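Here the structure is a predicted model, which means the values were calculated and not measured.
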Amino acid sequence: MKTIKISFTIVICVLLNITLFAKSDPLSINYKGNQHQFRIGVYTPYCIYTPNMYVTKNISQKIGVGLSITNEISLNASHKDFLLVGVEYFMHGINFTSFYFYQDSTRYYTENRKTNNYSVMFHEIDIPILFKHSFHNESNKLHSLFIYGGYIHRFLLLSQISILDNTGKKLVDNTITPTFSNPAFINFMSSFLSIGFGFQKNTQKESKAFFIDVGFRYALSGINLTEQYMPIDLNINNHFINLMIGYKF
C-alpha cells in the first residue's frame with residue numbers, strides 16, 4: 001500500500017512540473033484538429049474500501065486493472081472542450097477477515113469468530129460520460145494540460161470469491177453475484193461521479209497524442225455480498241484513485 005501511495009505522489013509531482021513546462025513551451029504544431037477521435041487507455045486503481053467494520057477487519061486491496069476505449073468529440077473550433085463517451089472493463093478486489101456461517105448454524109457475532117479470510121475479485125463494465133477541458137489548443141500545441149469530470153454508469157458482473165478458515169482450509173472457491181446497496185434501476189447497476197486531470201503529448205502534423213491522467217471516482221453505492229454463509233450487512237463502500245496512460249488517434 002505504501003508503494004502505491006508513493007507512486008501516485010510521484011505522478012502528481014511530475015504533472016505539476018509539466019504544468020510549468022507546458023506554459024513555457026515555445027513549439028507549436030499546425031494541423032486542423034479532428035471533430036472526433038478515439039482514446040484507448042489502461043489504468044491501475046488505488047482502492048479505498050470501507051466495508052462494515054462490525055463484521056470485518058484486516059482490510060486490504062487486491063491488484064486491479066482497467067481497460068478503456070472512448071470517443072472524444074470536439075465541442076468547439078478552439079479544440080479545448082470535448083465530450084468523452086465510451087466503455088471500460090474494470091477489475092478490482094478486496095481481502096478481509098470476517099465470519100463464516102455453516103448451514104443451519106447459529107449466527108453468533110462475537111469477535112473470536114471473526115477469523116475467516118475472504119478474497120473477492122469484482123468485475124464490471126462501465127460507461128463513462130465525461131466533459132474534458134484542455135487549457136491549450138490541442139490542434140497547435142505540442143503539450144497540453146486538461147481536466148475532466150462527469151458521470152460513469154456501472155454494471156456489476158459475476159465475481160470470484162475464496163474463503164479460508166484460520167487454519168488455511170479452503171471453505172469456498174466459486175463465483176457469486178454481487179449487488180449494489182443503492183442500485184440504479186436494477187440491483188447490479190449503479191454509478192460513479194468522476195473528476196481528474198492530466199497531461200497530453202500531441203504529435204506533429206497528425207491528430208494523435210499520448211496522455212497520462214489521475215482521476216478520482218466516487219461511488220454512489222456500496223457493494224453487497226449476500227451469500228448464506230456470509231454475515232449480514234457486509235456493505236462495501238468503494239472509491240478509487242486511478243492512474244491511466246493511453247493513446248489518442
Step by step, work out the side chain to side chain contact (heavy atoms under 4.5 Å, CB included) result for Asn174 and Ile161.
CA-CA 6 Å; Asn174 59 19; Ile161 184 169; 3.4 Å; yes

Over 60° means perpendicular and under 30° means parallel, so tell me whether Tyr109 and Phe99 are parallel, tilted or perpendicular.
perpendicular

With a 3.5 Å cut-off and no angle check, do the side chains of Ser78 and Asn137 form a donor-acceptor pair?
no

Counting only N and O atoms by type, is there a donor-acceptor contact under 3.5 Å from the side chain of Tyr49 to the main-chain atoms of Gly93?
yes

Once rounded to the nearest 0.5 Å, what's the spacing between atom CG of Leu84 and atom CG of Leu130?
5.5 Å

For Lys132 and Asp213, what are the C-alpha separation, side-chain angles and deciding distance, and is it a side chain to side chain contact (heavy atoms under 4.5 Å, CB included)?
CA-CA 12 Å; Lys132 170 190 164 186; Asp213 73 55; over 6 Å; no

Start with the C-alpha distance between Ser162 and Asp173, add both sets of side-chain angles, then the distance that settles side chain to side chain donor-acceptor pair (under 3.5 Å), and finish with yes or no.
CA-CA 4 Å; Ser162 174; Asp173 186 13; 4.7 Å; no

Stacked cation flag Lys248 on Phe82, 6.0 angstrom / 45 deg
yes

Check whether any side-chain N or O of Ser134 sits under 3.5 Å from a backbone N or O of His136 as a donor-acceptor pair, and report yes or no.
yes

May I ask whether Phe210 and Phe38 are part of the same hydrophobic cluster, defined by side-chain heavy atoms of I, L, V, M, F, W, Y residues being less than 4.5 angstrom apart, directly or through others?
yes

Heavy-atom closest pair (Glu88 atom, Pro128 atom, distance to 0.1 Å) is OE2-CG, 3.9 Å

Presence of salt bridge, Arg217 and Glu124, under 4.0 angstrom:
no

Would you kindly say whether Asp233 and Tyr54 are connected by a side-chain donor-acceptor distance under 3.5 Å?
no

Does one hydrophobic cluster hold both Val85 and Phe155, with members joined at side-chain heavy-atom distances below 4.5 Å?
no

Please step through side chain to side chain contact (heavy atoms under 4.5 Å, CB included) for the pair His143 and Lys201, ending with a clear verdict.
CA-CA 5 Å; His143 304 96; Lys201 172 66 168 63; 3.4 Å; yes

Main-chain N/O of Val55 paired with Ser98 side-chain donor or acceptor, under 3.5 Å:
yes

Step by step, would you call Ile147 with Phe135 a side chain to side chain contact (heavy atoms under 4.5 Å, CB included)?
CA-CA 8 Å; Ile147 57 174; Phe135 293 101; 3.8 Å; yes

Can you classify the ring geometry of Phe122 versus His92 as parallel (below 30°), tilted (30 to 60°) or perpendicular (above 60°)?
tilted

Quick one: sort the Phe192 and Phe240 rings into parallel, tilted or perpendicular, breaks at 30° and 60°.
perpendicular

Between the main-chain N or O of Ile236 and the side-chain N or O of Asn238, is there a donor-acceptor pair closer than 3.5 Å?
yes

Could you check whether any side-chain N or O of Ser221 sits under 3.5 Å from a backbone N or O of Asn182, counting only pairs where one atom can act as donor and the other as acceptor?
yes

Distance under 6.0 Å and angle within 45° of ring axis: Arg154 vs Phe180
no

Any luck finding a side-chain donor-acceptor pair between Thr179 and Asn187 under 3.5 Å?
no

Between Asn242 (side chain only) and Gly215 (backbone N and O only), is there a donor and an acceptor less than 3.5 Å apart?
no

